[in-house]
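Sequence lines set the chain letters: A, B, ... in the order given, protein chains first and strands last, and positions in each chain run from 1. Quick caveat: nothing in here was measured; it's all calculated off a predicted structure.
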Protein chains: 2
Amino acid sequence: MPVRKAAATGPHVLRRMNVAAVLAALREGDTPTARVTDLASLTGLSRPAVTRALTELRDCGLVEFTAAAGPQQLGRPAQYARFRAESGHVAGVDIGAHKVLVVIADLAGQVLATHRAAVDEGAAGPQLFATVRAALTAAVAEAGVPLSSLWAVSTGTPGIVDRERGEVLLAPSIPDWAGLPAVSLLRDWLHCPVSIDNDVNLAVLAECWRGAAAPTGAGSGTDTRTDCLVFVQWGRRIGTGIVINGRPYRGNSAAAGELGFIDLVGDPDTRPGPRPADGMGPFERLVGAEAIHRLALEAGAPVGDAHDIAPLFAAAAAGDRAAVEAVERVAARFARGLAVLLLVLDPGRVVIGGGVSRAGDTLLGPVRRHLRSHTLVPVELNASVLGERAVAMGAVRHALDVAEERVTTTHQGVR
Amino acid sequence: MPVRKAAATGPHVLRRMNVAAVLAALREGDTPTARVTDLASLTGLSRPAVTRALTELRDCGLVEFTAAAGPQQLGRPAQYARFRAESGHVAGVDIGAHKVLVVIADLAGQVLATHRAAVDEGAAGPQLFATVRAALTAAVAEAGVPLSSLWAVSTGTPGIVDRERGEVLLAPSIPDWAGLPAVSLLRDWLHCPVSIDNDVNLAVLAECWRGAAAPTGAGSGTDTRTDCLVFVQWGRRIGTGIVINGRPYRGNSAAAGELGFIDLVGDPDTRPGPRPADGMGPFERLVGAEAIHRLALEAGAPVGDAHDIAPLFAAAAAGDRAAVEAVERVAARFARGLAVLLLVLDPGRVVIGGGVSRAGDTLLGPVRRHLRSHTLVPVELNASVLGERAVAMGAVRHALDVAEERVTTTHQGVR
DNA sequence: CAGATTTACTAACGGAGCATTCGTTAATAT
DNA sequence: ATATTAACGAATGCTCCGTTAGTAAATCTG
């Protein structure tokens, strides 16, 4: 029988609490350095207690003392403590069918290097894994830190992921990727916590952290203005990532946010036919990139070949009548589906990512307008500003959370 | 600038932590009483530390020592500590348009009294408030405890609620109820924390706690098997309460779970007409109790007058052809709407409440069948077993959480 | 029935952490 | 050069924990 309340088995518990509190105050303070007095008033501790905690943190390598930065105040100059964000690093890896993107950041979340590696069309799992290894090696080299400096690595990949076991269960777009024990291979190689998650779940974390209209204060955790943020990946397929109370919400079977499979159209009394073999959902077939391309063609609006729909939005922005009409229909359809999500979740903010979101306000303006007639409360709707880097940045955010654990519990800094 | 990590400003913090841990171990243990040795091994503390904590709790009146209950073991008989659940009580109040239901429970969640008061049709706010006061007075009298014994009171009411300010913003079904400062009036009267919430948000808490297929162990908190549980109120109107990680999820504007307003039907390219004046949403008009009544009439299935749809389900259960067909259509329509909720939230369990749920598996069987063709993962779907008491029981659960705060932080037991 | 055995409670001791207090140090201002 | 200011460092007292030794109250055994 587990007990939920933790018991304090000695004064050393106090020590750990206060070390953690001092470190948190130092990291979350609005200045990069802080005096002992500042930390004492922030934490409510006495000066000697703060000094003790800082000494311990300095011995761990997590804190260093510097001279005064600005003009000297009256009296004896104070020691300024600084969190050594460079004492550890994290990596966020976006493993996609076409590219591998690695972002290296220090413990403060400052990005040190970004490395992009193209993946050959149709490359299989083992080859992809080799690319990931090479990209990680190159990225840490660019950042100028050793591999052993990595405290946590998070990866994001499309498909269905078993986070507990660290395996990909289903990845239709990458042959032989599912079932590859990528996480344990990386863990054995790097000797640090490695995790894997669905790419959209990480993208939403990134939008929460550094995305559109998010607070820009360095070191601030996640967006606190909203209880809930939704990221909609709008491309050929449609999926959503959901953040509730600053943490990704995945549902009971890791199947939350499957907006692409909602079925809006048709008579309520006819039963649905058999599922098509392409694995796409009704809503994806209605307003996915392919559907938009087809719809534009039918309307006589300009489009590129394959599934290139950029010309449609360019033409609409320029005032082309047919293009504007087509965009209007796309927006109306999408708004009806998105409205369902908003009615259920009532998020404070929605961020649209994926290829279609590159159309920007040409498309999102009409979507906002249509939304108003379907929803009860207004919602902030923006295109993603992180673009291609969203997943890797979200992975960095998650890796930072894992590293945080190590910082606050064991203080295992590296000298 | 607030600091997130709490600092320990002295050894007394240890004391508080350990008192809380001992109390938690005592309350969550599988036996109603526990020996000092048991608590020591449960908490990881030493025997003297547990004794010290228990002494403090006894002085507060929260714990008492009793003799051994069962057969004597070898050696000196141990003192058995028991949590005095009767040292405080909570009340859960369901304030509806037709009734006020008060449930009194002790600190262990044991129900001591249930009092129901009918409310006259069209009774206005002030009169309703007087009924609440009278019902509370009667309920505590039935439970045999004084009003001053109430540690927390939670109320649930239909409509839109501002929980921060403790006011009802909109309550279409009860005249002059919105704007009445009911919470502060109750607080001034009872001198204890009083809160108000939407009724469905409380009902879902109750289902999580004591509902269908929930763990029945006394004193256990909330259902831990599922990350997410959804309660669908299916009556004339349709609304949902959502619990995520054991806490009600209300969304950014307290407008989450508005399933009644989703719009499934119709061509995706036509704009919706103006909203009807009755304030009902598209889905409510499609499968609400009124719609079911109308649908049954059209199909020639038996129904009662007004909006009584019980005969329809009785006939369907008996095998009446027209009734079965009508129920099938209702189930198909409802399943399509519910599927949207499931695709977005992926809950582990869904509980159906409200008047329509009284049809039981006659209706829910077909709903389950239709759901399978709309969703990706299977879900547990059950009718509520709490029925009319769901909201009041959820209010009790919430009041217990508030009381818990007082127990674990200030130990202000009453001798 | 008396002693051994088992088990649990009680008291005293040492260690660790925090707050408080006092003296010291290193700057600036006069 | 002296006064002032503000921060550092060491010493003291308090409270909490765990440990250990001693005592009390039952059952079991001869």
> What is the nucleic acid contact for B:Val13, judged by heavy atoms within less than 4.0 Å: base, sugar-phosphate only, or nothing?
Replying inline: nothing
> How close or far is atom P of C:dC9 from atom CG of B:Asp38, stated in whole angstroms?
Replying inline: 10 Å
> Is a side-chain N or O of A:Asn252 found less than 3.5 angstrom from the main chain of B:Asp227, in a donor-acceptor match?
Replying inline: yes
> Quick one: A:Leu14 CG to D:dC14 P, roughly how many Å, whole number?
Replying inline: 18 Å
> Does any N or O in the side chain of A:Arg27 come within less than 3.5 Å of the main-chain N or O of A:Leu107, such that one atom is a donor and the other an acceptor?
Replying inline: yes
> Please give, in whole Å, the distance from C:dT10 C1' to B:Gln79 CD?
Replying inline: 11 Å
> Distance check: side-chain N/O of A:Arg76 vs OP1/OP2 of C:dT25, anything under 4.0 Å?
Replying inline: no
> Can you tell me how far P of D:dC8 sits from CZ of A:Phe65, to the nearest Å?
Replying inline: 9 Å
> When the distance from CG of A:Leu54 to C1' of C:dG17 is rounded to whole Å, what number comes out?
Replying inline: 16 Å
> Side chain of B:Ala78: nearest nucleotide among D:dC8, C:dA8, C:dG15?
Replying inline: C:dA8
>> With rounding to the nearest 0.5 angstrom, report the NE2 to CD1 distance, A:His398 to A:Ile196.
In response: 11.5 Å
> For B:Gly61, does its backbone N or O pair with a side-chain atom of B:Arg84 as donor and acceptor, under 3.5 Å?
Replying inline: yes
> Taking only N and O in the side chain of A:Asn18, is any of them less than 4.0 Å away from OP1 or OP2 of C:dC18?
Replying inline: yes
> Which nucleotide sits closest to the side chain of B:His12: C:dA19, D:dC16, C:dG17?
Replying inline: D:dC16
>> Nearest whole Å is fine: how far is D:dC14 P from B:Arg15 CZ?
In response: 17 Å
> Are any of the side-chain nitrogens in A:Asp197 or A:Arg250 under 4.0 Å away from the carboxylate oxygens of its partner?
Replying inline: yes
> CZ of B:Arg16 versus P of D:dT15: gap in Å, rounded?
Replying inline: 17 Å
>> For A:Arg47 and B:Val50, find the nucleotide of DNA chain D closest to each by heavy atoms; which residue's nucleotide sits nearer the 5' end?
In response: A:Arg47
>> Can you tell me if A:Arg52 touches the phosphate of C:dC18, counting only side-chain N or O atoms and a distance under 4.0 Å to OP1 or OP2?
In response: yes
> 5'-most contact on DNA chain C: B:Thr51 or B:Thr9, nearest heavy atom basis?
Replying inline: B:Thr51
> Considering only D:dA26, C:dT28, D:dT15, which nucleotide approaches the side chain of A:Leu74 most closely?
Replying inline: C:dT28
> B:Ala49 or A:Pro48: which one's nearest nucleotide on DNA chain D is closer to the 5' end?
Replying inline: A:Pro48
>> From C-beta outward on B:Pro77, which listed nucleotide comes closest to its side chain: C:dG17, D:dA25, D:dA7?
In response: D:dA25
